[in-house]
**Student:** 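The structure follows.
Residue indices begin at 1 and follow the sequence shown. These numbers come from the heavy atoms of this one structure, side chains and all, not from hydrogens, waters or symmetry mates.
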Amino acid sequence: MTAETNADAVVVGAGIVGVMAALYLQAEGRQVLLLEREEVAAGASAGNAGILAFPEIIPVASPGIMFKAPKWLLDPLGPLSVPPAYGLKIAPWLFHFWRASSRKAFAHGITAQTEMMRLAAAEMLHIRETPELASFFDTTGTLDLYDSEASFDAAASDWLEKEKAGFQFTSVGRAEIDRLQPGLAPQFRHAMYSPAGIQVNDPKGLTRAIADLVTARGGVLRKGEVRDIAPHADGATITLDDGATIKATSVVVAGGAWSKVLAARLGDPVPLETERGYNTTLPAQAFPLQRQLYFNDHAFVVTPLSEGIRVGGAVELGGLELAPNYRRSKALLAKAARFLPDLKTEGGREWMGFRPSMPDCLPVIGRSSASPAVLYAFGHGHLGLTQSAATGRLIGELAAGRPASLSLAPFRPGRFRRRA
């Protein structure tokens, strides 16, 4: 005989988006059960770069991107890779990505991301002011570096969009680059500097601290993998892999890359794919890193954490099943050593994690088509940490039946369905 539990609000997934949703649901007076298949921050929330990337409003799906992609794909260790064994499976996602790269869709994406990032910055400020969480945030500033004047000039339209959205930055030359971050290779003579750049110095620790805050405020953390969610008149029943059931008034699906299967069972076949992210975390003494560094022509970052220096980035669209290809993290580390000649590359720890990626670079936030009691909060790609507090705010408002702080139309689950 299997046990059945009654619950008020169940959040499926204890990554950064899930724990934020739980925190905001508690602020609405809900009793929260946080359900996690492994442990808190077991996935992408453990290994991200820690950047609060509020100015990143430019979708990857952009006009002309489909002409650049084939060149990238020829390099198995380049900024975008699709393993041959995954080529056919990724085709539907690439079709939607192509459609999202039209000029109209691109402009729509910038507008939606701008509104989302404004809310994200405001809500994360409240999180930063929470006494139990304040120590996880450092204002380091961000240096966006370019290999050449040509690549710097080619990015001008992106920076203009960021300026129009209200983000502040300045163009800097070599002398100022040396002052802001000594030790860079001589090729870097063009950069943008954003003094307000915020670094989360321990992404895994922050996620766990929020989960601890949820439990300290009366929430329950339970381990279990969700097999099914069955809506009914007064909520939904969750079935776990061990046969146990949980009858809930509300359910939030925030399972990151694993959310696709649950959404499909609820009648929402979203085109979510898995970006496999790689990084290496080096000891703190590996380099005197002073701030976040974006190497924009190579699609990777180097960031300062409390435990050391993290070198990571690039995109491998390879699903959840293929074995990790740590040649990618080694290639990123080799590039970092060229760009930071004094970097000590010994003693690093390699990592690979799964980012839930939507073709239009916008998350899925809204009600399921199966029941208003089941809410979605997944698909943030590279921006899960950045947009987590905003997503928590929106989920709290949806669960309370109040108007959302911004239009949820761009994030609706059914946006990729063809209209009759």
**Student:** Can we call the ring centroids of Phe378 and Tyr376 under 6.0 Å apart?
**Tutor:**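 Ring centres of Tyr376 and Phe378 closer than 6.0 Å.
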**Student:** Parallel, tilted or perpendicular, judged at 30° and 60°: which one describes the rings of Phe95 and Trp98?
**Tutor:**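 It falls in the tilted class, 30° to 60°.
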**Student:** In the structure I gave you, are the side-chain heavy atoms of Val261 and Arg265 within less than 4.5 Å of one another anywhere?
**Tutor:**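 Yes, close enough: below the 4.5 Å cut-off.
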**Student:** Yes or no on side chain to side chain contact (heavy atoms under 4.5 Å, CB included) for Arg276 and Leu322, after CA distance, side-chain angles and deciding distance?
**Tutor:** CA-CA 10 Å; Arg276 296 144 58 90; Leu322 297 179; 3.8 Å; yes
**Student:** Can Gln181 and Leu293 be said to form a side chain to side chain contact (heavy atoms under 4.5 Å, CB included), step by step?
**Tutor:** CA-CA 9 Å; Gln181 179 57 71; Leu293 303 180; 4.0 Å; yes
**Student:** Give a yes or no on whether Gln31 atom CD has more than 12 heavy-atom contacts from other residues, nucleotides or ligands under 6.0 Å away.
**Tutor:**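 12 or below, so no.
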**Student:** Looking at residues at least two apart in the chain, or sitting in another chain, which of them share a side chain to side chain contact (heavy atoms under 4.5 Å, CB included) with Ala121?
**Tutor:**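 Result, side chain to side chain contact (heavy atoms under 4.5 Å, CB included) vs Ala121: Phe54.
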**Student:** Identify the heavy atoms of Phe188 and Leu145 that sit nearest to each other, and give their distance.
**Tutor:**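 Shortest heavy-atom separation between Phe188 and Leu145 comes out as CD2-CB, 3.9 Å.
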**Student:** Could you tell me if Arg310 and Thr281 have a donor-acceptor pair between their side chains, going purely by distance under 3.5 Å?
**Tutor:**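 Present: a donor and an acceptor within the cut-off.
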**Student:** Just by distance, no angles: are the side chains of Glu321 and Tyr86 close enough, under 3.5 Å, to form a donor-acceptor pair?
**Tutor:**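 Checked: Glu321/Tyr86 side chains show no N/O donor-acceptor pair below 3.5 Å.
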**Student:** Say you draw a straight line from CZ of Arg412 to OG of Ser407; how long is it, rounded to the nearest 0.5 Å?
**Tutor:**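 Nearest 0.5 Å value for the CZ-OG distance: 9.0 Å.
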**Student:** So do the side chains of Phe137 and Leu52 get within less than 4.5 Å of each other, counting heavy atoms only?
**Tutor:**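 The answer is yes; the side chains approach within 4.5 Å.
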**Student:** Less than 4.0 angstrom from a charged side-chain N to a carboxylate O is my criterion; do Glu39 and Arg208 meet it?
**Tutor:**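 A salt bridge is present here (some side-chain N lies under 4.0 Å from a carboxylate O).
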**Student:** Between Arg128 and Thr139, do the side chains contain an N or O donor and an N or O acceptor separated by less than 3.5 Å?
**Tutor:**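 Yes, a side-chain donor-acceptor pair sits under 3.5 Å.
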**Student:** Over all heavy atoms of both residues, which pair between Thr142 and Gly197 is shortest? Give the atoms and the distance, please.
**Tutor:**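 Answer, listing the atom of Thr142 first, then Gly197: OG1-CA, 3.4 Å.
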**Student:** Using the benzene-type ring in the case of Trp, are the ring centres of Phe169 and Tyr193 under 6.0 Å apart?
**Tutor:**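 Judged by ring-centre distance (under 6.0 Å), Phe169 and Tyr193 do not meet the cut-off.
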**Student:** Do the side chain of Ser357 and the main chain of Gly381 share a donor and acceptor less than 3.5 angstrom apart?
**Tutor:**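 No; zero donor-acceptor contacts below 3.5 Å.
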**Student:** Sequence neighbours excluded and cut-off under 3.5 Å, please list the side-chain donor-acceptor pairs for residues 156-165, or say none.
**Tutor:**
from   : atom 1 : to     : atom 2 : distance (Å)
Trp159 : NE1    : Tyr146 : OH     : 2.8
Lys162 : NZ     : Glu56  : OE2    : 3.4

**Student:** Any side-chain heavy atom of Lys247 sitting closer than 4.5 Å to one from Thr5?
**Tutor:**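 No. Closest side-chain heavy atoms not under 4.5 Å.
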**Student:** Applying side-chain hydrogen bond (donor to acceptor under 3.5 Å, both in side chains) to Tyr24 and Glu397, what does each step give before you reach the verdict?
**Tutor:** CA-CA 9 Å; Tyr24 277 81; Glu397 291 167 342; over 6 Å; no
**Student:** How long is the gap from CD1 on Ile127 to CD1 on Ile210, to the nearest 0.5 Å?
**Tutor:**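 Nearest 0.5 Å value for the CD1-CD1 distance: 6.0 Å.
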**Student:** So, taking the atom named CG in Leu394 and the one named CE in Met116, what distance separates them when rounded to the nearest 0.5 Å?
**Tutor:**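 The CG atom of Leu394 sits 5.5 Å away from the CE atom of Met116.
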**Student:** Please, which pairs that meet side chain to side chain donor-acceptor pair (under 3.5 Å) have at least one residue in residues 377-387, sequence neighbours excluded?
**Tutor:**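 Sorted result for residues 377-387: Gln113-Gln387, Glu275-His382, His380-Thr391.
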**Student:** Going through the distances and angles, do Glu316 and Arg328 end up as a side chain to side chain contact (heavy atoms under 4.5 Å, CB included)?
**Tutor:** CA-CA 9 Å; Glu316 180 185 60; Arg328 294 187 65 78; 3.5 Å; yes
**Student:** Listed by chain and number, what are the side chain to side chain contact (heavy atoms under 4.5 Å, CB included) partners of Asp360, not counting sequence neighbours?
**Tutor:**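 In terms of side chain to side chain contact (heavy atoms under 4.5 Å, CB included), with neighbours along the sequence ignored, Asp360 is linked to Ala100, Met358, Leu362, Arg415, Phe416.
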**Student:** Any heavy-atom pair between the side chains of Val301 and Ile51 that's under 4.5 Å?
**Tutor:**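 A side-chain contact under 4.5 Å exists here.
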**Student:** How far apart are the closest heavy atoms of Ala236 and Val251, and which atoms are they?
**Tutor:**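 Minimum heavy-atom contact is CB-CG2, 4.0 Å.
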**Student:** Can any side-chain N or O of Asp202 pair as donor or acceptor with the backbone N or O of Gly50 at less than 3.5 Å?
**Tutor:**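 No; judged by distance alone, with no hydrogens or angles, the pair does not exist.
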**Student:** Hey, does Gln199 have a side-chain heavy atom less than 4.5 Å from the side chain of Leu305?
**Tutor:**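 SC-SC contact between Leu305 and Gln199 confirmed.
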**Student:** Using the side chain to side chain donor-acceptor pair (under 3.5 Å) rule, collect all pairs that involve residues 249-264, keeping only residues at least two apart or in two chains.
**Tutor:**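 Non-adjacent pairs meeting side chain to side chain donor-acceptor pair (under 3.5 Å): Arg30-Ser250.
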**Student:** Mind checking the CG-CG spacing from Leu408 to Leu398? Nearest 0.5 Å is all I need.
**Tutor:**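 Output value for this atom pair is 5.5 Å.
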**Student:** Taking only Lys NZ, Arg NE, NH1 and NH2, and the carboxylate oxygens of Asp or Glu, determine whether Glu307 and Arg349 approach each other closer than 4.0 Å.
**Tutor:**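 The answer is yes: the pair qualifies as a salt bridge.
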**Student:** Restricting to non-hydrogen atoms, name the atom on Thr303 and the atom on Ala49 that form the minimum distance, rounded to 0.1 Å.
**Tutor:**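 That would be OG1-O, 2.9 Å.
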**Student:** To the nearest 0.5 Å, what is the distance between CG (Leu282) and CG (Asn279)?
**Tutor:**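 So the CG of Leu282 and the CG of Asn279 are separated by 9.5 Å.
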**Student:** Could you state the interatomic distance from CG (Leu240) to CZ (Arg37), rounded to the nearest 0.5 Å?
**Tutor:**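 The CZ atom of Arg37 is 12.5 Å from CG of Leu240, to the nearest 0.5 Å.
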**Student:** Side chain to side chain donor-acceptor pair (under 3.5 Å): which pairs involve residues 211-221, sequence neighbours left out?
**Tutor:**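 Checked against side chain to side chain donor-acceptor pair (under 3.5 Å) - neighbours excluded - no pair reaches residues 211-221.
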**Student:** Is it the case that the side chain of Ser371 and the backbone of Ala373 share a donor-acceptor pair, with hydrogens and angles ignored and the cut-off at 3.5 Å?
**Tutor:**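 Yes; at least one donor-acceptor contact below 3.5 Å.
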**Student:** Would you call Asp228 and Ile238 a side-chain contact if the rule is heavy atoms closer than 4.5 Å?
**Tutor:**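 The answer is no; the side chains never approach within 4.5 Å.
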**Student:** What verdict does the side chain to side chain contact (heavy atoms under 4.5 Å, CB included) test give for Ile110 and Phe106, after you've listed the backbone C-alpha separation in whole Å, the side-chain angles of each residue and the deciding distance to 0.1 Å?
**Tutor:** CA-CA 6 Å; Ile110 290 176; Phe106 179 67; 3.6 Å; yes
**Student:** Taking the side chain as everything from C-beta on, heavy atoms only, tell me whether Leu317 gets closer than 4.5 Å to Thr274.
**Tutor:**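 No. Closest side-chain heavy atoms not under 4.5 Å.
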**Student:** Hey, does the side chain of Glu273 reach the backbone of Trp93 with a donor-acceptor pair shorter than 3.5 angstrom?
**Tutor:**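 No.
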**Student:** Within a strict 4.5 Å, meaning less than it, do heavy atoms of the Phe287 and Val302 side chains meet?
**Tutor:**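 SC-SC contact between Phe287 and Val302 ruled out.
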**Student:** Strictly below 4.0 Å, N to O, side chains only: are Arg402 and Glu28 in salt-bridge contact?
**Tutor:**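 Salt bridge flag = yes for Glu28 with Arg402.
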**Student:** Please name the pair of heavy atoms, one in Leu385 and one in Ser388, separated by the smallest distance, quoted to 0.1 Å.
**Tutor:**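 Closest heavy-atom pair between Leu385 and Ser388: O-OG, 2.8 Å.
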**Student:** So which atom in Asp234 and which in His232 form the shortest heavy-atom distance, rounded to 0.1 Å?
**Tutor:**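 That would be OD1-ND1, 2.7 Å.
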**Student:** Can we say Asp268 and Arg417 salt-bridge, meaning some charged N sits less than 4.0 Å from an Asp/Glu carboxylate O?
**Tutor:**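 A salt bridge is present here (some side-chain N lies under 4.0 Å from a carboxylate O).
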**Student:** Does a side chain donor of either Ser62 or Arg103 reach within less than 3.5 Å of an acceptor in the other side chain?
**Tutor:**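 Short answer, no.
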**Student:** Testing the 3.5 Å rule here: is there a donor-acceptor pair between the side chains of Glu350 and Tyr278?
**Tutor:**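 No, no side-chain donor-acceptor pair sits under 3.5 Å.
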